[in-house]
Amino acid sequence: MDRRWYLDVNKFARTSGWAHGFMTAYYERLASPVGAGLLVLVLLVGAAWWSARRQPQRMAAVMWTALAALAAFGLSEALAQVLADRRPYAAIKGAEVLLNRATGYAFPSARAGLAGAVVGGLLMARRWRLAGLAALAALLLALAGVYVGVDYPSDVGAGLALGVVLAIALWPLSAWLLVPVVARLGAGPLGRLVAARGSERPAARFELERPVRLPDAKAMEALRAASEAARHAIYTPAPTPPSLIQTKTTGRAEDMAEDSPATNP
């Protein structure tokens with residue numbers, strides 16, 4: 001099935017000369033060997049950093065996005081060397097290849113791994129719109145790899161999955177390591193890099209829950225009044241009922257009459 005899908009896309013590439021320039025530029029030729037696709041992903045990470053300066057608690061996740069992308073790229077390259085899966089044009093004669101035949105192996109695709117890590121990292125940073133744009137850019141990059149003839153669909157699919165899983169699975173550990181770094185940067189002379197003017201400085205620990213809201217002045221006043229009332233109720237003795245006082249007085253008078261000598265024979 002993987003081979004058949006590759007041949008279907010390759011057949012379409014033969015009959016769609018109008019898309020050759022865009023696909024090759026997006027995959028590699030623009031700013032070769034980077035390509036427009038990777039440049040778009042870099043710009044999206046930069047936009048996430050700029051927006052996170054207003055929410056410094058998200059800055060650690062943006063930093064992790066960049067680090068995860070580099071880690072996914074390197075890990076994909078290492079796995080490709082270990083698995084040694086040949087590129088499709090080396091196994092299929094007559095395949096349409098629009099770029100110079102790349103050396104090395106393609107499973108998993110390092111470019112796709114980097115793209116998947118950017119998507120996963122932006123999701124952890126809660127940059128939802130940017131993550132959506134990154135997902136579209138990553139899918140287009142994966143399609144371009146198959147379109148130009150250098151990757152199987154499984155190559156780019158495995159790379160995307162590897163990048164997303166790596167970025168999401170290692171985020172808790174990365175947060176534990178990166179949040180103190182962001183806090184130190186925010187408190188130092190480079191604070192503008194992680195927090196814009198007028199925004200709160202990043203905290204030294206990672207907050208997963210919403211911040212606790214303090215009660216307002218009216219609530220505090222009501223709480224103080226209730227506390228005072230409870231204290232008076234505890235320490236103020238209750239008044240003795242008049243009926244009980246009268247009963248005690250009558251009983252005492254009767255006792256005195258019994259003890260008097262005039263009443264004793």
- [ ] Write down the atom of Ala137, the atom of Leu41, and the distance for their closest heavy-atom approach.
- [x] CB-CD2, 4.0 Å

Sequence neighbours excluded and cut-off under 3.5 Å, please list the side-chain donor-acceptor pairs for residues 60-75, or say none.
from, atom 1, to, atom 2, distance (Å)
Trp64, NE1, Ala167, O, 2.8
Thr65, OG1, Ala61, O, 2.9
Thr65, OG1, Gly121, O, 3.2

Task: Taking every non-hydrogen atom, the tightest pair across Val119 and Ala138 - done: CG2-CB, 4.2 Å

Task: Point-to-point distance, once rounded to the nearest 0.5 Å, from OG of Ser51 to CE of Met59 - done: 8.0 Å

Open item on the list: Just verifying a value: how many Å separate Glu28 CD and Met23 CE, rounded to the nearest 0.5 Å?
Closed with: 15.0 Å

Task: Interatomic distance, Leu123 atom CG to Trp128 atom CH2 [nearest 0.5 angstrom] - done: 6.0 Å

TODO: List for me each residue that meets side chain to side chain donor-acceptor pair (under 3.5 Å) alongside Asp151, sequence neighbours excluded, and say none if there are none.
DONE: Tyr27, Arg87

Open item on the list: Distance check, rounded to the nearest 0.5 Å: Ser154 atom OG versus Tyr6 atom OH?
Closed with: 11.5 Å

- [ ] Flag yes if Val9 and Val97 sit in one hydrophobic cluster, no otherwise; membership is Ile, Leu, Val, Met, Phe, Trp, Tyr, and two members link when side-chain heavy atoms are under 4.5 Å apart.
- [x] yes

Open item on the list: Using the side-chain contact (heavy atoms from CB on, under 4.5 Å) criterion, which residues pair with Arg3? Sequence neighbours excluded.
Closed with: Leu7, Ile92

TODO: Taking all heavy atoms of Ala125 and all of Arg58, pick out the closest pair and write down the distance.
DONE: O-CD, 3.7 Å

Open item on the list: Hydrophobic cluster membership, with links at side-chain heavy-atom distances under 4.5 Å among I/L/V/M/F/W/Y: are Val118 and Val165 in one?
Closed with: no

- [ ] Looking only at non-hydrogen atoms, find the nearest pair between Ala80 and Pro108 and report the distance.
- [x] N-CD, 4.0 Å

- [ ] Treat each ILVMFWY residue as a node, draw an edge where side-chain heavy atoms are under 4.5 Å apart, and state whether Val45 and Leu43 are in one component.
- [x] no

Donor-acceptor pairs under 3.5 Å, side chain of residues 157-164 to any protein atom, not counting sequence neighbours: which ones?
none

Task: Interatomic distance, Ser174 atom OG to Leu166 atom CG [nearest 0.5 angstrom] - done: 8.5 Å

Open item on the list: Between Phe107 and Leu79, is there shared hydrophobic-cluster membership here, with clusters defined by ILVMFWY side-chain heavy atoms closer than 4.5 Å?
Closed with: no

Open item on the list: With clusters defined by side-chain heavy atoms of hydrophobic residues (ILVMFWY) lying less than 4.5 Å apart, directly or transitively, does Leu136 cluster with Val156?
Closed with: no

Tell me which donor-acceptor pairs under 3.5 Å the side chains of residues 139-148 have, and how far apart each pair is, sequence neighbours excluded?
from, atom 1, to, atom 2, distance (Å)
Tyr147, OH, Ser16, O, 2.8
Tyr147, OH, Ser16, OG, 2.5

TODO: With sequence neighbours excluded, tell me which residues meet salt bridge (Lys or Arg N to Asp or Glu O under 4.0 Å) with Arg4.
DONE: none

Task: Shortest non-hydrogen separation from Ala110 to Ser76 and the atoms involved - done: CA-CB, 3.6 Å

TODO: Measure the spacing between CG of Asp155 and OH of Tyr152 and express it to the nearest 0.5 Å.
DONE: 8.0 Å

